[in-house]
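A quick write-up on the structure given underneath.
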Amino acid sequence: MLEPLKLTIQKSGRLFNQTADILKKCSFHLEYVDRSFRHVFKDFPLEILLVRDDDIPSLVHRGACDVGIVGLNEVKEFAASFTDFTESNQPEQNCQQTQGHRLHYECHLGFSRCRLSLAVPVEAEYHDLKWFSQKKIATSYPACLEEFMAKQGVEIQVVPISGSVETMPAMGVADGICDLVATGSSLVQHKLKEVATVFHSEAVMVSAREQLDPEKLKLLDLFCGRVKGVLKAQSSKYVMMNAPRVKLNRIMKLIPGLRKPTVMPLYSGELTFSDIHELKNTDDYVAVHAVATEPVFWSTIEALKNLGASSILVVPIEKIID
Ligand code: ATP
Ligand code: ZN
């Protein structure tokens with residue numbers, strides 16, 4: 001019997017809902033999540049294991065799971081804690097690697113965007129990173145912080161903390177913090193100001209691609225194909241409109257991330273009264289159908305209307321398979 005592809009995801013927390021939503025769109029519906037840490041599916045050999053997010057890079061790296069969905073921050077911390085890991089600035093083109101072991105970036109998933117940042121008390125007279133010299137910095141990302149500060153040539157004292165990092169300066173445990181920031185509201189609440197960014201993060205899919213046998217690799221490619229199809233569809237819209245033929249070039253330029261549009265003559269056999277009333281001479285109009293691969297804003301629709309486009313429809317796409 002074919003061994004299933006093992007996917008590991010966060011059991012509960014900030015990553016779970018959007019991960020489950022993508023999986024559902026790939027036809028992997030997670031039911032009874034509270035009761036089970038392991039899910040299997042009938043029509044695709046996939047096993048999903050729900051764990052704490054901190055463990056995901058290590059599980060994939062050890063080969064206990066074949067692929068995982070996790071924040072880039074966790075992958076970076078895992079990588080930085082190995083002295084023989086190498087990394088590039090372009091994760092898609094490279095891997096996190098130790099001797100003989102690799103974590104391969106399959107794709108960025110575009111959700112749970114945040115950044116690992118340094119923050120200091122609002123009243124601190126901060127000019128540059130030298131402020132941190134010999135100071136205590138609380139963080140749940142000690143390896144990333146040490147690596148960053150070493151590159152900047154600033155010596156610090158790292159205070160490893162597993163949660164509520166923002167409270168540490170007020171408690172006198174640390175002078176500053178290095179923590180994940182999304183909106184920054186938590187920093188404001190704790191009277192801290194963000195002063196530098198270590199790196200930006202979002203959810204990513206990582207795999208043990210290079211350790212997989214050919215059968216597993218086939219499954220991984222099929223699975224990644226489904227996920228990428230869903231991601232592409234999520235960021236795309238199908239746009240339809242009737243457009244004046246003479247304005248076609250200008251209209252095309254307005255459709256964001258336009259992919260090969262279809263331009264068709266309008267049916268001019270039996271026209272309804274409103275067709276005639278709206279378009280006057282239908283031969284001057286064509287129907288345009290196109291996939292926009294970037295968000296279609298109201299301002300774009302208004303600009304299309306100003307160029308004479310009418311009956312504009314912008315509809316969601318479920319899957320895009322190229
Ligand atoms: P677990 O119980 O699985 O260990 P956790 O408490 O460590 O969960 P969450 O708070 O659920 O983790 O965050 C999961 C991920 O969400 C983070 O690792 C990060 O990639 C992302 N994230 C997005 N925005 C934020 C934010 N404002 N603060 C923290 N994490 C964020
Ligand atoms: Zn965690």
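What you see below is based on every heavy atom in this structure, not just the backbone, and it leaves out hydrogens, waters and symmetry mates. Note that ligands are numbered from 1 as they come in the structure, with each ligand's atoms numbered from 1 the same way. What you are looking at is a predicted structure, and each value in this text was computed from that prediction instead of being measured.
Between E77, Q10, R14, E202, it is R14 that holds the heavy atom closest to atom 10 (O) of ligand 1.
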Apply the test salt bridge (Lys or Arg N to Asp or Glu O under 4.0 Å) to residues E318 and K25: give CA-CA distance (whole Å), side-chain angles for both, the deciding distance (0.1 Å), then the verdict. CA-CA 8 Å; E318 204 179 277; K25 288 176 179 159; over 6 Å; no
Step by step, would you call S207 with E106 a side-chain hydrogen bond (donor to acceptor under 3.5 Å, both in side chains)? CA-CA 7 Å; S207 76; E106 294 296 340; 2.6 Å; yes
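The protein heavy atom nearest to atom 27 (N) of ligand 1 is A182 CB, 3.3 Å.
The N, O or S atom of D54 with the smallest distance to the Zn ion (ligand 2) is OD1. For D53, the N/O/S atom at the shortest distance from the Zn ion (ligand 2) is named OD1.
In the hydrophobic clustering of ILVMFWY residues, with side-chain heavy atoms under 4.5 Å counting as a link, L145 and L187 come out apart.
A salt bridge links R209 to D221: at least one charged side-chain nitrogen sits closer than 4.0 Å to a carboxylate oxygen.
Among the atoms of D53, some N or O lies under 3.5 angstrom from an N or O of ligand 1.
In this structure, Y105 and H108 have tilted ring planes: the angle between them lies in the 30° to 60° band. The aromatic rings of H289 and Y238 lie perpendicular to each other, with more than 60° between the two planes, well past the 30° mark. Ring orientation note: the planes of F28 and F223 are tilted relative to one another, at an angle of 30° to 60°.
Residue-ligand proximity, G71 to ligand 1, at heavy-atom distances under 4.0 Å covers atoms 20 (O). For ligand 1, the atoms sitting less than 4.0 Å from at least one non-hydrogen atom of G13 are 11 (O), numbered in the order shown with element in parentheses. Close contacts between ligand 1 and N73 involve ligand atoms 17 (C), 18 (O), 19 (C), 20 (O) [criterion: under 4.0 Å to a heavy atom].
Distance check on atom 7 (O) of ligand 1: some protein heavy atom falls below the 4.0 Å cut-off.
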